[in-house]
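Take a look at the structure below.
Read the numbers this way: they start at 1 and go in the same order the structure lists the ligands and their atoms. Computed from a predicted model, the values in this text were never measured in an experiment.
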Amino acid sequence: MSAPALDPWTRESLIARASDPKRERWLEQVRRTGACRHPIRLRGVVRRGDEVVYSTADEPDRALMVRCGNRREACCPSCAHEYRGDMWQLVYAGLAGGRKGVPESVAGHPQVFATLTAPSFGPVHTIRDDGRPCRCGRRHDDGDPELGSAIDPTSYDYEGAVLWNWHAPALWNRFVIELGRVLAADAGLSEREWRQLVRVAYAKVAEFQARGLVHSHIAVRLDGAEDRAMPPGVPVSPGELCDAIREAAAGVRLDGDAGDGETVELRFGEQLDTRVLAGDDDSGELSAGKVAGYVAKYSCKSSHEQITSRDAEPDSWRDKGVPEHLIEMAAAALRLSERAGLRRIARWVHMLGFRGHFVTKSRGYSTTLGELRAARAAYRAEQNEPADEPEDDSIPVVAVWEYVGSGYLNPGDVLLAAGVEASLRAGREALLDLRRGPPADEPPW
Ligand SMILES: [Zn+2]
Ligand SMILES: [Zn+2]
């Protein structure tokens with residue numbers, strides 16, 4: 001197979017970079033961003049007192065590249081990889097304890113991994129667990145683009161589905177309150193008494209399903225009210241926690257604004273999955289490493305990748321191959337945004353009405369993404385620039401940064417960065433091979 005001919009711009013920009021006296025430093029920058037697909041280019045100066053200790057004036061293209069930080073695999077594999085690793089660390093620390101500042105004892109607290117779903121807004125094409133054909137009479141393959149779309153688009157409640165996404169964050173908040181209520185009642189205590197003994201800690205990740213509705217995957221843990229190192233002040237078995245989650249999810253209701261003075265009653269779907277986590281005695285159904293892996297994977301996935309760009313016009317979505325079902329939902333979101341009280345949905349059409357965070361956690365569940373990033377930044381700074389003289393802390397260091405642009409400057413640079421990405425990935429895979437299989441407390445990628 002012969003290599004495809006390069007277009008003139010690519011060829012010229014490749015030659016320009018090859019003859020750039022700062023090409024090695026440019027490649028070093030690309031490596032330091034992990035071969036990010038759309039690095040942010042910054043211009044700036046760092047001063048310690050009157051002394052300039054760093055300036056981008058000396059850098060290739062007079063700019064410093066930093067990661068785009070996008071968590072979506074399809075946008076930037078490298079940044080998604082890093083995000084996934086951080087999520088894994090965060091959730092694993094919350095489940096297993098004994099790392100990242102989370103006390104070891106939390107591993108013995110009641111812990112459950114649960115999935116809360118949206119209700120049905122009309123039959124959609126699915127693969128059934130019991131092996132029966134889809135309601136349309138056919139059997140669908142795994143990658144069938146029809147999966148998740150309405151069997152009868154004329155009767156499907158697209159607006160109801162968008163309203164559900166719109167109110168999902170409030171419904172979730174209701175659920176957390178309801179869970180406390182159920183657990184308090186189980187213990188024969190008032191909610192107030194119960195809250196003085198127990199705190200519900202959780203990490204939650206939202207996942208878009210093929211049908212355009214948001215699911216929540218949650219790791220729930222019960223701690224002592226005052227100190228997360230202590231077990232909950234009311235003994236609760238993991239099985240009882242599962243039952244309470246089911247009861248709370250089934251019972252929670254929310255009257256959501258449907259616009260023009262109308263309300264809509266919101267609830268969770270009947271499909272609900274709860275699984276006990278293996279604690280100290282390893283008796284649970286799921287290991288901490290596995291759950292951390294699930295959450296980390298969901299956090300980087302998005303099944304409606306093509307319509308997440310805020311500025312895109314719905315008309316152009318069809319050309320990009322966005323499934324008709326999701327286009328219908330977006331159209332419903334636009335219709336809803338014309339109703340009094342729902343105008344703000346217009347800003348969330350690209351999210352099919354979902355305005356929540358993809359990843360949330362309660363205070364005290366684990367470490368934070370910010371702490372993980374700060375630790376990594378400090379580690380990298382140490383690796384890259386060993387301080388050869390002790391710094392004088394009394395002189396203030398001031399950095400001034402200015403945004404120049406994002407992405408690479410030309411197709412030649414894109415090609416070179418892709419080469420760096422491939423070599424970094426090969427290095428990572430070789431490392432995984434070396435320690436196959438990955439030890440239980442390491443991310444499985
Ligand atoms: Zn990136
Ligand atoms: Zn079907």
Side-chain angles (χ1 to χ4, degrees), residues 26-42 61 63-88 120-158 161 209-213 271 296-297 299-303 305 308-309 323-326 328 358-359 369-370 372-373 376-377 380 401 403-411 413-425 427-428 445:
W26 183 84
L27 282 168
E28 172 64 20
Q29 279 203 22
V30 175
R31 275 193 291 271
R32 284 174 69 160
T33 67
C36 171
R37 289 264 175 99
H38 312 281
I40 311 291
R41 282 175 283 117
L42 301 173
D61 311 320
L64 180 71
M65 290 187 273
V66 297
R67 279 183 176 279
C68 73
N70 197 305
R71 65 177 176 80
R72 287 198 309 275
E73 182 71 38
C75 291
C76 183
S78 168
C79 291
H81 177 86
E82 183 162 282
Y83 186 90
R84 205 159 52 214
D86 282 356
M87 276 308 294
W88 192 92
S120 170
F121 294 93
V124 296
H125 295 285
T126 48
I127 299 173
R128 294 204 188 177
D129 291 338
D130 57 12
R132 283 185 300 155
C134 173
R135 283 212 211 174
C136 71
R138 286 177 290 140
R139 277 174 208 282
H140 300 286
D141 294 327
D142 244 346
D144 193 334
E146 265 198 304
L147 286 171
S149 64
I151 292 175
D152 178 15
T154 58
S155 67
Y156 191 85
D157 184 7
Y158 294 101
Q209 297 178 279
R211 62 175 172 145
L213 283 149
Q271 259 187 15
K297 193 182 88 190
S299 72
C300 294
K301 182 193 153 192
S302 87
S303 56
E305 211 64 72
T308 51
S309 138
E324 202 61 36
H325 182 79
L326 302 186
E328 285 295 336
F358 274 91
V359 177
L369 287 176
L372 288 172
R373 282 182 196 133
R376 188 170 47 240
R380 278 190 187 148
W401 296 105
Y403 172 85
V404 184
S406 81
Y408 293 100
L409 290 171
N410 54 58
D413 283 359
V414 171
L415 211 60
L416 291 170
V420 175
E421 185 184 333
S423 76
L424 289 177
R425 188 182 303 129
R428 240 174 4 230
W445 49 81

Taken to the nearest 0.5 Å, the spacing of Asp142 CG from Leu147 CG works out to 7.5 Å
Got a donor-acceptor contact below 3.5 angstrom from the Asn410 side chain to the Asp413 backbone? yes
Side chains of Arg135 and Val124 in contact at under 4.5 Å (non-hydrogen atoms): no
Atom name, His125 (N, O or S, nearest to the Zn ion (ligand 2)): ND1
If we only look closer than 2.8 Å, how many protein N, O or S atoms does the Zn ion (ligand 1) have near it? 4
Verify whether one side chain among Ser423 and Arg31 offers a donor that lies under 3.5 Å from an acceptor in the other. no
Check: Arg211 side chain, His325 main-chain N or O, donor-acceptor pair, under 3.5 Å: no
Test side chain to side chain contact (heavy atoms under 4.5 Å, CB included) on Tyr83 and Arg72 and set out the steps. CA-CA 9 Å; Tyr83 186 90; Arg72 287 198 309 275; over 6 Å; no
Looking at Asp141 and Gly143, would you say the former's side chain and the latter's main chain have a donor-acceptor pair under 3.5 Å? no
Angular separation of SG (Cys136) and SG (Cys134) seen from the Zn ion (ligand 2), to 10°: 100°
The Zn ion (ligand 2) - closest N/O/S atom in His140: NE2
